[in-house]
Structure formats: C-alpha cells, structure tokens
Q: 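Structure below; questions to follow.
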Amino acid sequence: MPREKEGNRKTKGAPLPIVTTLQKFLKTYEKHCAQTQTSVCPAIKRDLKTSINNEQILSKFVLVRPDDSPPSILPVSLEPLLMTVQDECYMLGREISIWGLQLSNPEVARLASLLESKGHTCPFTTLKLMDCRMDAWSLGRLGTALQFSTLRSLVLDYCKFGNEEIESIFSGLENNQRLRDLSLRFCGLGPQSGPRLGSAVCRSAVRELHLDGNYLQCSGALGLLRPIAEYVEMQGKDQPATAPPDTRNPPQPLQARQRASSALNQIRKPSGAVTVKTTSGKKKRKKGIKKKIKDLTEAGSWLVKLYLADNGIDGKGKEGENSLLEFTQILTRLIRYSTHLQELDLGNNVLGEAAAADILEALRARKTVSILLPNPTCKDFTREQLEDSSNSPHKILMCFLDHQRTVKE
C-alpha cells in the first residue's frame, strides 16, 4: 500500500498542468504581438507570470496602455490577446477589461466574432470597455454580437456615445436573455436616450442597471421608467409588493418558468423532439435541449438594482415641475408593484419635499425602506419610525440617499 501511495504522488518539481498552459499562453501571446507589430501589454504579462508563480488559473485579463509610454512605443492592441485565446483554446477566462484604448475596426470585429462563437471557443461572460473610443461601425458590430453572445455583464463606463451610436447597443439588448448587468456610467446619455433604453430593458433579462453620472433629466428618466413601471404594474397589480422581495429567489431561469409564453419556451416540449419512449416504456429526455436554454431568462422587466445618481433629475428642465411630478408618479408605481426591485439610488438629484413624500408613501407600501438599502448595516427606518410625524418625509428620504452615498464611498 505505501508503494501505491508513493506512485500516485506527483513527481517532485513537475509543473502543474495550469502552469504549463499559462506558460504556453504567454509565449503565444508574445509571438502574436511581434507578428502584429504591437506591444506586449505589461498588465497581461504581469498577471500571467503571477498566476504561473502561484500555480493559479488566470480568469481575468486587463488590457491597458501604460501611462508613461511615449508615442514612439508600439501601441497595445486587443487583437493579439484574442488570437491567443483562440489558438490556445483557453477556456478558463471569464472577464476581459479594457481601459482607455482606441479600438480599431479589426479589433472589434475579432472581438465580436469571438463573442458570437458562444461557449464553443469563447469562455468570457464579462466584458468591460471603459473609457474606450470606437467609431459607429465598431459599435454597430458590437451591438450585433450582443444578441448572440453569452455575456452576463457588460460595462461601457466613460465611453462617450452619440444618439446613433448608443442605438446600436440598445438594439443588442432587445430580447437578450443572458445579459444580467449593464453599466453605462458617465457615458453622456441625454434625455433622448431614456425611452429607447427603457424599451430595450423591458425586453431583456437585465437585473442591474447603472446609469450614474449621465444627464437624463426628468424627461429622460421618465422615458426610461415608464415602460418598466407599466410592465411590472400589469404583472403585479393583482398582487402588490407589500413586503420586501425574497433575495434568495431571483428571477427564475427560462427552463423553470413553465408558464412563460416566449417562443424559446415552446421548444421545450415539441412533439417527439424532447422526450422519447424507450422499449421499457419509460420516457427518456433527449440530451442537448436543456443545454440550449441554460442560463436563459425570459425577456421582461427584472430590474433588481437601479442606479440613477447624478442625472440632473429636478424640476428645472424645459418641462418644469410637471415633469418632476410625472417622474415621481411613475417611480412610485415601480416601487409599489415591482416584486424584484431591491436597490434604488437617486443621490445627487434635487427631488424636493413633495416628491420625497410621494416616494416615502410608496416605500411604506413595501413595509420598510431597507429594501432599497444595499447594506444591512445602514440605518433602517422601521414602520413605527415611518409613521412618526416628527420624521418628515424629506428627512427620511434624504437620510436614505445619504446612506446610499456613504455605502458607495
């Protein structure tokens, strides 16, 4: 027995399979950089070497141009990294983060093709393009790829978009049943972007929406929330949300929602296609169908977290106080009837006393303000405190917003 144990032990000094894989990945990456006449990204090389030394999987790739690199140095490019992922069939990556690069059409085209290959050759579920510059063609190509990708999180913070450019991204959201988190912070979105984004979110599986630092104003925020509020009110009017939603039960995957009417749900049990009878009389489910719909969520309004801080939402726009009043009415309908909403950030927006009172009344219908607080350690107003007349609606709501900012800091 002792000899068998010794024989099962790994040879001392022999590298683990992941070490060999990463060493080969680094060598191939450096080769592609040389072939494309681009620089090796210092962050990629450092992370690879760290993972090799620690004998750990590298699941996150961060591509960034060094701040102190002179113009004479060859640029850092995304293309060699993507070529390496495909050549080495590296399926252990989960996230690509790109900071401050000018992405060319060939780079975006290769990225889009990789995303469209889904799980066959693309392991990535998170894509972050922060402060990146892309032309209209690249954004259109990326938007098309979103419809077929397996991405669950997309971050486009600090990327400045025009109306036509952002439309390409919105089109990729429609009927997207995999993307759960979308971040468009400080993207220069104006009032005209609100209605289009709201319509797209209502036909997607997005649960977290980050829009901090834009300039939607009342009209844009109203256009964003109206289709979402109307959807959840239609779904939940018979059963208003009088209690905090159960965070342990998020929106169910498509295969668990048998009453769904989507076309994708209808392929679950076509005649003779999913289940067959064996000679013993037992039903046997064909393989493959379940895999097809894995990680899918029925398109609809599933917002759990909504961040609208610093968006110029006040009564000072062209529409004046009437627009703020209408926004407040739509927002309170969303709060009352949404069974999923848990966090809402309205920090750095001047809502006023009347709007605060209306929002507070909607919060009372949800029994406690804590459903909108992201951290349980924050001050939580009980029902008794909400009913206490000494605590004005504006005081309670502003304290809530202050705690939202404190948590983020």
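Since we're looking at a predicted model, the values are computed, not measured. The basis for the numbers below is simple: all heavy atoms, side chains too, and nothing from hydrogens, waters or symmetry mates.
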Q: Does the side chain of R196 come within less than 4.5 Å of E167's, by heavy atoms?
A: yes

Q: Would a 4.5 Å heavy-atom cut-off, applied to side chains only, mark T21 and L16 as touching?
A: no

Q: Quick check for you: to the nearest 0.5 Å, what is the distance between L58 atom CG and I44 atom CD1?
A: 7.5 Å

Q: Would you confirm whether the ring centroid of F61 sits within less than 6.0 angstrom of the ring centroid of Y29?
A: no

Q: Can you tell me if D87 and H32 form a side-chain donor-acceptor pair at under 3.5 Å?
A: yes

Q: I'd like to know if R152 and E95 make a salt bridge, using a cut-off of under 4.0 Å between side-chain N and carboxylate O.
A: no

Q: Could you tell me which non-hydrogen atom of L114 sits nearest to which non-hydrogen atom of C122, and how far apart they are?
A: O-CB, 2.9 Å

Q: Compare all side-chain heavy atoms of D131 with those of F186 and state whether any distance is below 4.5 angstrom.
A: no

Q: Would you call R226-E326 a salt bridge at under 4.0 Å N-O?
A: yes

Q: Quick one, P123 and R94 - any side-chain contact, counting heavy atoms below 4.5 Å?
A: yes

Q: Compute whether any side-chain donor of one residue and acceptor of the other, for Y215 and Q217, lie under 3.5 angstrom apart.
A: yes

Q: Tell me the closest heavy-atom pair linking A362 and R336, and the distance in Å.
A: CB-CG, 4.0 Å

Q: Look at the side chain of N53 and the backbone N and O of T50, then say whether any donor-acceptor pair between them is shorter than 3.5 Å.
A: no

Q: Using modelled atom types and a 3.5 Å cut-off, is there a donor and acceptor pairing between side-chain atoms of N214 and backbone atoms of G188?
A: yes

Q: Can you name the nearest heavy-atom pair linking V350 to L324, along with the distance?
A: O-CD2, 4.4 Å

Q: Hey, is the main chain of L351 close enough, under 3.5 Å, to the side chain of D314 for a donor-acceptor pair?
A: no

Q: Roughly how far, to the nearest 0.5 Å, is OG of S183 from CG of D212?
A: 7.5 Å

Q: Is the side chain of N349 donor-acceptor paired with the backbone N or O of N311 at a distance under 3.5 Å, no angle test?
A: yes

Q: Taking the side chain as everything from C-beta on, heavy atoms only, tell me whether L129 gets closer than 4.5 Å to M134.
A: yes

Q: List the steps and the verdict of side chain to side chain donor-acceptor pair (under 3.5 Å) for S77 and E107.
A: CA-CA 8 Å; S77 174; E107 288 175 294; 2.8 Å; yes

Q: Counting C-beta onward and ignoring hydrogens, is there a side-chain heavy-atom pair between D345 and L308 closer than 4.5 Å?
A: no

Q: Working note: F148 + L115, criterion side chain to side chain contact (heavy atoms under 4.5 Å, CB included); need CA distance, chi angles, decisive distance, verdict.
A: CA-CA 7 Å; F148 307 99; L115 294 176; over 6 Å; no

Q: Using the rule given for side chain to side chain contact (heavy atoms under 4.5 Å, CB included), can you reason through L154 versus L156, listing the C-alpha separation, both sets of side-chain angles and the distance that settles it, and then say yes or no?
A: CA-CA 7 Å; L154 176 64; L156 297 172; 4.1 Å; yes

Q: Taking the basic N atoms (NZ, or NE/NH1/NH2) and the acidic carboxylate oxygens, is any pair closer than 4.0 Å for E30 and K45?
A: yes

Q: Between E343 and Y307, is the side chain to side chain donor-acceptor pair (under 3.5 Å) condition met? List the steps.
A: CA-CA 8 Å; E343 294 182 21; Y307 300 91; 2.4 Å; yes

Q: Step by step, work out the side chain to side chain donor-acceptor pair (under 3.5 Å) result for S51 and Q56.
A: CA-CA 5 Å; S51 296; Q56 294 177 342; 5.6 Å; no

Q: Counting distance only, does the side-chain N/O of E174 pair as donor-acceptor with the main-chain N or O of S171 below 3.5 Å?
A: no

Q: Just do the side chain to side chain contact (heavy atoms under 4.5 Å, CB included) check on L151 and T126 with the steps written out, would you?
A: CA-CA 6 Å; L151 287 178; T126 298; 5.7 Å; no

Q: Under 3.5 Å, is there a donor-acceptor pair between the side chain of N176 and the main chain of R178?
A: yes

Q: Any donor-acceptor pair under 3.5 Å linking the side chain of D135 with the backbone of W137?
A: yes

Q: Could you check whether atom NZ of K27 has more than 12 heavy atoms from other residues, nucleotides or ligands sitting under 6.0 Å from it?
A: no

Q: What is the distance from atom CZ of R110 to atom CG of N105, rounded to the nearest 0.5 Å?
A: 14.0 Å

Q: Indicate the atoms forming the closest heavy-atom contact of T38 with P80, along with that distance.
A: OG1-CG, 3.4 Å

Q: W302 vs H340 aromatic rings, parallel, tilted or perpendicular, using cut-offs 30° and 60°?
A: perpendicular

Q: If we check side-chain contact (heavy atoms from CB on, under 4.5 Å) with L306, which of these qualifies: L331, L209, V201?
A: L209

Q: So which heavy atom on S204 is nearest to which on L173, and how close?
A: CB-O, 3.3 Å

Q: Passes side chain to side chain contact (heavy atoms under 4.5 Å, CB included), I96 versus L63? Steps please.
A: CA-CA 8 Å; I96 294 183; L63 196 70; 5.8 Å; no

Q: Any chance you could measure L111, atom CG, to E116, atom CD, to the nearest 0.5 Å?
A: 9.5 Å

Q: CG of L182 to CG of L184: how many Å apart, nearest 0.5 Å?
A: 4.5 Å

Q: For the side chain of S338 and the backbone of I335, is there at least one donor-acceptor N/O pair under 3.5 Å apart?
A: no

Q: Please examine the side chains of K160 and C187, heavy atoms only from C-beta on, and report whether any two atoms are closer than 4.5 Å.
A: no

Q: In Å, rounded to the nearest 0.5 Å, how long is the span from CD1 of I18 to CG of N54?
A: 12.0 Å

Q: If you look at every heavy atom in C33 and S39, which pair is closest and at what distance?
A: SG-O, 3.8 Å

Q: Side chains of S97 and K60: does their closest heavy-atom pair fall under 4.5 Å?
A: yes

Q: Just wondering, more than 12 heavy atoms not from Q35 lying within 6.0 Å of its CD?
A: yes

